[in-house]
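See below for the structure under consideration.
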Amino acid sequence: MRMSHLFGRTLRDAPGDAELPSHRLMLRSALIRPLGAGIYSLLPIGWRVIRKIEGIIREEIDAIGGQEMMMPVVHPADLWRESGRYDQVGPELARFQDRGERDMVLAMTHEEVVTDLARQEIGSYRQLPQLIYHLQTKWRDEPRSRGGLIRVREFTMKDSYSLDLDEAGLDVSYRNHWRAYERIFRRCGLRFVVVGADTGMMGGSASHEFMALSPHGEDIVLLCPTGDYADNQEVATFRRDAPAAEAPLPMEEVETPNATTIQKLADFLDVPLSRTAKAVFFRGDSGRFVFAVIRGDLDVNETKLRKAAGENGLTPATPEEIRAVGAEPGYGSPVGVRDALIVADESVRDSPNLVAGANRPGWHLRNVNLGRDYEAQVVADIASAAAGFPCPVCGTPLAAERAIEVGNIFKIGTRYSEPMGATYLDAEGRSHPIVMGCYGIGSGRLAATVVEQHHDDRGIAWPASIAPFHVSLLALGGGNDAAPTEAADRLYDELTAAGIEVLYDDRSDRAGVKFNDADLIGCPLRLSVSARTLANGQAELKPRAAAESTFLPLAEVVPTVRGLLDGMMAGLDGSRSD
RNA sequence: CGGGGAGUAGCGCAGCCCGGUUAGCGCGCAGCGUUCGGGACGCUGAGGUCGGAGGUUCGAAUCCUCUCUCCCCGACCA
């Protein structure tokens with residue numbers, strides 16, 4: 001590609017509202033342009049990166065038996081009513097009517113379509129297992145898009161779906177995807193960890209997320225330094241203290257003016273946070289009041305609480321709602337409340353004689369004990385794990401890291417096949433629902449995440465496997481001297497003929513402009529020819545990642561470049577295990 | 001949805017409080033000339049509904065009201 005013909009120009013300054021490194025660099029290097037909030041065009045250079053990523057994904061999913069296909073973006077709403085998600089999913093699902101006033105949706109994912117296809121095409125156990133996938137546009141009307149391509153509303157996702165006879169078959173499909181995903185992300189040069197995760201709106205029994213560690217990540221993962229444990233914070237657990245062996249003491253009231261927070265209370269009474277009980281109030285989607293109780297030194301994890309309470313969603317309760325169940329904001333405890341689902345964390349079961357609210361302003365209760373002073377309908381782990389908490393496996397203090405979710409895998413089981421009637425007949429003629437898995441990777445987010453991990457203050461430094469071009473070729477010092485341009489033209493032809501992808505900077509700009517653009521766009525190798533190098537019959541070669549350049553005879557350029565690229569690719573072959 | 005910030009030339013910004021020349025600066029863009037290895041220089045030039053609507057005023061980028069859009073933090077989220 002000759003830069004003089006390239007559509008899209010590089011920017012010296014990024015727009016002021018772009019903050020993430022990947023967002024700024026992808027704008028500056030002419031990879032993407034915004035059209036609206038969370039909606040982007042991919043310019044030619046950016047599209048080349050995406051196509052390379054998609055190529056890697058195709059190879060690896062094909063390698064585990066995937067069959068690529070294509071499913072529609074617009075779905076009849078009735079299909080989503082069959083699965084129950086039409087009403088279950090919130091406004092992030094875009095709904096509209098066609099000219100016949102039929103309800104339609106824009107696909108945010110494709111489980112319903114796959115399941116519909118499966119019930120049409122699959123009838124017999126002889127036809128299973130199957131693995132199908134596509135790369136398709138999704139629309140999710142996110143409440144808040146952000147960070148360039150990290151979180152957008154319109155995006156392309158590779159999603160694959162496994163169809164199996166039973167759980168054992170699903171286990172195999174799941175494991176295959178896990179391995180394929182590791183290879184995909186390694187080939188893209190990404191550093192990542194795999195963590196256990198919540199299944200969220202997908203439903204199902206198990207889920208893992210592939211997390212690229214990055215200070216700009218939206219998720220927090222908890223990792224054991226020994227490597228024996230890794231989970232998303234939303235599901236992470238930790239080793240609990242042994243229950244305290246302490247006889248229950250008589251409950252007594254104590255006046256605690258202005259002790260409206262657990263910290264003020266602990267300070268006022270001069271007791272550790274771990275000797276207090278904290279109450280947190282929610283209203284569940286079902287309409288029930290959910291009253292969570294947890295020891296004062298811990299925080300409620302809403303994902304865990306939602307599961308423990310059996311609710312689809314939780315909203316913080318209002319002061320009126322809190323008083324309606326007999327509690328008092330700032331002084332709440334489960335003692336004496338009514339019409340509420342009380343969910344206690346294991347910590348309050350195992351910690352006797354806690355200080356809790358008296359449900360009237362300015363007063364607390366000492367020596368409150370679960371089972372004696374109040375009952376909880378649910379006792380469960382609803383506590384948030386955090387940095388420094390003991391690893392649930394080995395007790396080592398956990399580390400907390402921010403991370404970007406670049407892929408995830410779900411065991412959705414019969415969540416869709418059962419309600420939608422996607423069944424097969426076994427050898428005895430009995431009907432069973434197909435057991436499903438689904439597996440997603442967002443290609444644009446993946447590209448942005450690679451930029452987050454591979455850049456410096458001069459620009460992007462692409463891994464060779466997904467670089468838009470292999471080589472930036474610069475013809476320096478044009479002017480009256482046509483020799484550099486002629487030599488660069490020949491190199492361009494030779495490299496291209498050898499199958500090497502070249503971004504040829506044939507513009508009439510000065511050297512500094514070309515160097516800066518080459519560093520910004522970040523092709524793995526940079527070749528320069530000028531009067532200075534040609535005086536010795538040479539070209540200058542500098543890897544993007546290296547500090548120093550080398551000079552080599554023009555005739556050796558193609559084999560040298562070939563060799564360097566092969567070496568770079570070999571380091572990104574996906575088999576590395578780290 | 002809550003909190004904060006911002007919309008003035010393609011990009012980055014000033015001007016706004018305290019209304020008053022023809023709305024400015026840098027970069028970029030076009031032409032000519034000189035330059036030519038880390039974002040050159042000179043001259044000339046093009047480019048603006050000051051986000052939109054309404055209002056106050058002799059006069060509005062500037063003051064008031066409404067509204068749209070974008071960004072950041074949070075809530076939310078495969």
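Below, chains carry the letters A, B, ... as their sequence lines are ordered, and counting in each starts from 1. Note that the structure is predicted; figures quoted are calculated from it, not measured. Worth knowing before you read on, the calculation uses all heavy atoms, side chains too, and leaves out hydrogens, waters and symmetry mates.
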* Does NZ or CZ of Arg95(A) come closer than 6.0 Å to the centre of the six-membered ring of Tyr86(A), within 45° of the ring's axis? -> yes
* To do: Please say whether the positively charged group of Lys411(A), taken as NZ for Lys or CZ for Arg, lies over the ring of Tyr174(A), i.e. under 6.0 angstrom from the six-membered ring centre and within 45 degrees of the axis.
  => yes
Sugar-phosphate only, base, or nothing, as touched by [X] at under 4.0 Å among non-hydrogen atoms:
{"X": "Thr533(A)", "result": "base"}
{"X": "Pro143(A)", "result": "base"}
{"X": "Ala531(A)", "result": "nothing"}
{"X": "Gly148(A)", "result": "nothing"}
{"X": "Arg153(A)", "result": "nothing"}
{"X": "Arg144(A)", "result": "base"}
{"X": "Phe210(A)", "result": "nothing"}
{"X": "Glu302(A)", "result": "sugar-phosphate"}
{"X": "Arg526(A)", "result": "base"}
{"X": "Glu209(A)", "result": "nothing"}
{"X": "Asp159(A)", "result": "nothing"}

In the strands shown, is [N] matched to any nucleotide by a Watson-Crick or G-U wobble pair with both distances under 3.5 Å, and which?
{"N": "G37(B)", "result": "none"}
{"N": "C17(B)", "result": "none"}
{"N": "A75(B)", "result": "none"}
{"N": "C25(B)", "result": "G12(B)"}
{"N": "C66(B)", "result": "G52(B)"}
{"N": "C32(B)", "result": "G42(B)"}

Distance between the [atom1] atoms of [N] and [M], in whole angstroms?
{"N": "C64(B)", "M": "A60(B)", "atom1": "P", "answer": "16 Å"}
{"N": "G39(B)", "M": "G28(B)", "atom1": "P", "answer": "12 Å"}
{"N": "A30(B)", "M": "C71(B)", "atom1": "C1'", "answer": "33 Å"}
{"N": "A23(B)", "M": "G47(B)", "atom1": "P", "answer": "13 Å"}
{"N": "A61(B)", "M": "G54(B)", "atom1": "P", "answer": "14 Å"}
{"N": "G7(B)", "M": "G12(B)", "atom1": "P", "answer": "11 Å"}
{"N": "C41(B)", "M": "U49(B)", "atom1": "C1'", "answer": "36 Å"}
{"N": "U62(B)", "M": "G15(B)", "atom1": "C1'", "answer": "9 Å"}

* To do: Indicate whether any N or O donor in one side chain lies under 3.5 Å from an N or O acceptor in the other, for Thr533(A) and Glu540(A).
  => no
SB check [X] [Y] (cutoff 4.0 Å):
{"X": "Lys307(A)", "Y": "Asp198(A)", "result": "yes"}
{"X": "Arg544(A)", "Y": "Asp456(A)", "result": "yes"}
{"X": "Lys304(A)", "Y": "Glu234(A)", "result": "no"}
{"X": "Arg119(A)", "Y": "Glu82(A)", "result": "yes"}

* Do Asp17(A) and G5(B) share a donor-acceptor pair, side chain to base, under 3.5 Å? -> no
* Asked: Taking atom P of C73(B) as reference, at what distance in whole Å does atom CD of Glu19(A) sit?
  -> 7 Å
* To do: Starting at atom CZ of Arg12(A), determine the distance to atom C1' of G12(B), rounded to an integer number of angstrom.
  => 11 Å
* Think Arg510(A) has a side-chain N or O under 4.0 angstrom from the OP1 or OP2 of G39(B)? -> no
* Asked: Given G37(B), is OP1 or OP2 found less than 4.0 Å from the side-chain N or O atoms of Arg532(A)?
  -> no
